Chemist: 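Just passing along the structure, written as structure tokens.
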Amino acid sequence: MSDAPRPGFLRALAPCFTRALHTFLAGRKAVVLVLILAVPPLLALPISARPEETRSEAVVAVLVFLYLGFLLPVVGLLFGSGIVLDELGSGALPYLFTRPSPRSALFFGKWAAALLLGAAGLSASLAGFLQLAKAPPPGEQFVRHAFLAVLAAYPAYLSLFALLGAFTRWALLGGFFYAFGLEGFLGTIPGMVRRITVLFYARSLLGEFPAKRFDVEFIFGPDGPATRATSLLVLGGALVVFLAAGAVFLSFRQFTPRNTGRE
Amino acid sequence: MSEPPIRAERLSRFYGDVIGLMDVTIDVPPGITGLLGKNGAGKSSFLRVAAGEIRPSQGHLTIFGTPPFANAAVHRRTGYAPEGDRFFPEARAGDFLVHLLRLSGYVRREARRRAAAALEEVGLPTVFRKRLAACSRGMRQRVKIASAMAHDPDLLLLDEPLSGLDPLARREAQDLIRRRAERGATVLVSSHVLHEVEHLTRNILLVNRGRIAAAGDVSEIRALLSRFPRRIRIECADPKRLGALLLAEEGLTALRFEEGALVAETDAADRVYAALPGLVAGHGIEVTGIESPDDRLETVYDLLVGGGAE
């Protein structure tokens, strides 16, 4: 009989993290990540040629709409939805789930690798964008808040889409619907309903926009943005809840092979 | 009385409207048991439930007395090689085994040692650093078998492990499975080819349409099958030369040549199967595939299901 010690969560976490990191870096997702994160630095070149007043507005627009409104959910979805589904698609899941290590270790290990890569990529892209756009015309504090917003909201998106991936094979579609249908829709409904979106708290972390052309009431509603503390608390809470729910759900989930008629 | 390694009681598994297994009650004893059935009969469903990959829809299945689904204690004692050969495409063969062994609790150094030993045991000592995507189907099958055995489990669940192997590799894999059983492991091995299982064990379970159609000694099944002449299709580099060699075998009733293959019709398939490894090895003929459409038990099923046998 196997003489190995029973693998606990921490013991199984390291190989899952390492393998996920290697797989992400060697796979197509890394290429997609580089390509989409290269867009803002490229946009920075024409922005840098603008006069200072309009440059400020352009920098804020890229942060609010491109980073927070598009890149964050897309990178979160790219990595998060695949935490379980990539393994299912590659045929690896039966091998992994019939080992004595906790399934949650696989989930957390891949999540941690996706967090590291996504956060590193987003930070590098943002730094490159700000550097090339000759920012900070909006102010140094705003730039710090931009990094905070990106790095606090990305884990929340990642966890949400990881949960979705543990829940359904249609996570990619569901994630796109959430990010670009539901958030965009709920985010513009007047009243409190926009406060159930990740996007609201991500934008709230930017604080008051230093560019006057942006209608703060349109983006945040009549009550304005949430406080920074509230935003961090909500995003952190969402991360914990989504991640815990994903890990617990995965522990009980069975994945029926797709080709099964009777095999 | 001690619990059998695998016990199924009124076990059913449904996939929506499709029946995977239906009301299966069976004890799988220690030693090697062949799980026979044509494609879609329910073999893989039984193995998936036994490996804890999926749960029963109704009834119970226990491994060493406990349900296997998400059960670490069972997974420690079980080695499972699922069907199919598409897995970890980006990984190297050795890394794949090391990863699984680490998930079985081994530290990196011991996992590497065991992975190398397992690859050597399945006859692939040089593929440790070869990408699985670049391996032949036969190689991947053997890596898969190695992954199931590398942690020395008490129970081996092998889903079509001989599929895709050439005759020599098939013989080696059969020897390997036998050796594991001799060392005390219980083995449940599935196949849709009767003679593959016959070389491993006398004890078989015959599955049809999700039910156990027959259980027991292979000779009873064999007797049913021997009433019919069978075709064996052999893909090889030199069909005519192999055909000339096969003509010396007893029971050969016809030979037909196709492009890159020959089809032998025989009423003594056992002799042909027994002679093949020696012929191809002795004369250096490269065989890339072998199949027997008539071995796939349709004839036996027709008898069993049609009421031709008790």
Side-chain angles (χ1 to χ4, degrees), chain A residues 1-30 86-106 109-110 247-263, chain B residues 15-16 18-21 39-45 48 51-55 68-91 95-96 98-108 110-111 114 144 147 151-154 157 159 184 209-210:
Chain A
M1 183 187 154
S2 169
D3 55 356
R6 184 174 169 172
F9 174 79
L10 289 176
R11 198 186 187 104
L13 196 62
C16 292
F17 173 78
T18 315
R19 180 177 171 270
L21 207 56
H22 181 264
T23 309
F24 283 144
L25 283 171
R28 276 174 296 186
K29 286 189 176 179
D86 286 353
E87 307 292 4
L88 187 65
S90 74
L93 219 51
Y95 295 92
L96 302 173
F97 280 5
T98 53
R99 294 281 153 173
S101 54
R103 291 179 173 198
S104 55
L106 172 75
K110 285 198 77 176
V248 169
F249 186 70
L250 197 62
S251 301
F252 301 104
R253 174 93 202 266
Q254 54 180 342
F255 291 87
T256 309
R258 270 231 151 140
N259 61 350
T260 297
R262 226 184 347 246
E263 270 299 313
Chain B
Y15 306 99
V18 179
I19 297 169
L21 292 167
N39 291 332
K43 308 183 297 292
S44 294
S45 290
R48 282 182 186 126
E53 186 187 341
I54 54 176
R55 289 194 203 89
F69 185 81
N71 186 336
V74 170
H75 294 326
R76 276 191 77 199
R77 301 182 66 184
T78 309
Y80 173 45
E83 70 169 340
D85 63 344
R86 202 172 62 89
F87 47 90
F88 288 76
E90 81 292 345
D95 295 341
F96 164 65
V98 169
H99 184 60
L100 294 183
L101 283 162
R102 293 198 70 193
L103 295 183
S104 290
Y106 292 100
V107 294
R108 182 186 291 273
E110 176 62 8
R114 280 180 172 267
K144 207 168 73 172
S147 79
H151 57 295
D152 289 332
D154 296 325
L157 302 165
D159 200 349
R209 293 173 188 266

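Chain identifiers are assigned alphabetically (A, B, ...) following the order of the sequence lines, protein sequences preceding nucleic acid strands; residue numbering begins at 1 within each chain. For the numbers below, each heavy atom of this structure counts, side chains included, while hydrogens, waters and symmetry mates do not. Since the model is a prediction, treat every value here as computed from it, not as a measurement.
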Chemist: Using the test ring pair (Phe, Tyr, Trp, His ring centres under 6.0 Å), find all partners of F69(B) that sit at least two apart in sequence or belong to another chain.
Modeler: none
Chemist: Donor-acceptor check, side chain of K43(B) to backbone of D159(B), threshold 3.5 angstrom: yes or no?
Modeler: no
Chemist: Could you tell me whether a side-chain N or O of R55(B) sits under 3.5 Å from a main-chain N or O of F252(A), the two making a donor and an acceptor?
Modeler: yes
Chemist: Could you look at Y95(A) and say if it's the side chain, the backbone, both or neither that has a heavy atom under 4.5 Å from chain B?
Modeler: both
Chemist: Which residue out of P15(A), A12(A), A105(A) racks up the most heavy-atom pairs below 4.5 Å with chain B?
Modeler: P15(A)
Chemist: Examine whether an atom of V107(B) lies under 4.5 Å from a heavy atom of chain A, and if so say whether it belongs to the side chain, the backbone or both; otherwise answer neither.
Modeler: both
Chemist: Who wins among G8(A), G89(A), G27(A), A14(A) for the most heavy-atom pairs under 4.5 Å with chain B?
Modeler: G89(A)
Chemist: Test your reading of the model: is there a side-chain donor-acceptor pair from R103(A) to the backbone of L250(A), 3.5 Å cut-off?
Modeler: yes
Chemist: Can you tell which of T98(A), L93(A), T18(A) has the highest number of heavy-atom pairs within less than 4.5 Å of chain B?
Modeler: T98(A)
Chemist: Do H151(B) side-chain atoms and A111(B) backbone N/O form a donor-acceptor pair below 3.5 Å?
Modeler: no
Chemist: Looking at S147(B), A70(B), G52(B), which has the largest count of heavy-atom pairs under 4.5 Å with chain A?
Modeler: S147(B)
Chemist: When only pairs under 4.5 Å are counted, which of A26(A), A92(A), S251(A), C16(A) shares the most heavy-atom pairs with chain B?
Modeler: A92(A)
Chemist: Looking at P82(B) and P94(A), what are the two nearest heavy atoms and their distance?
Modeler: CG-CB, 3.8 Å
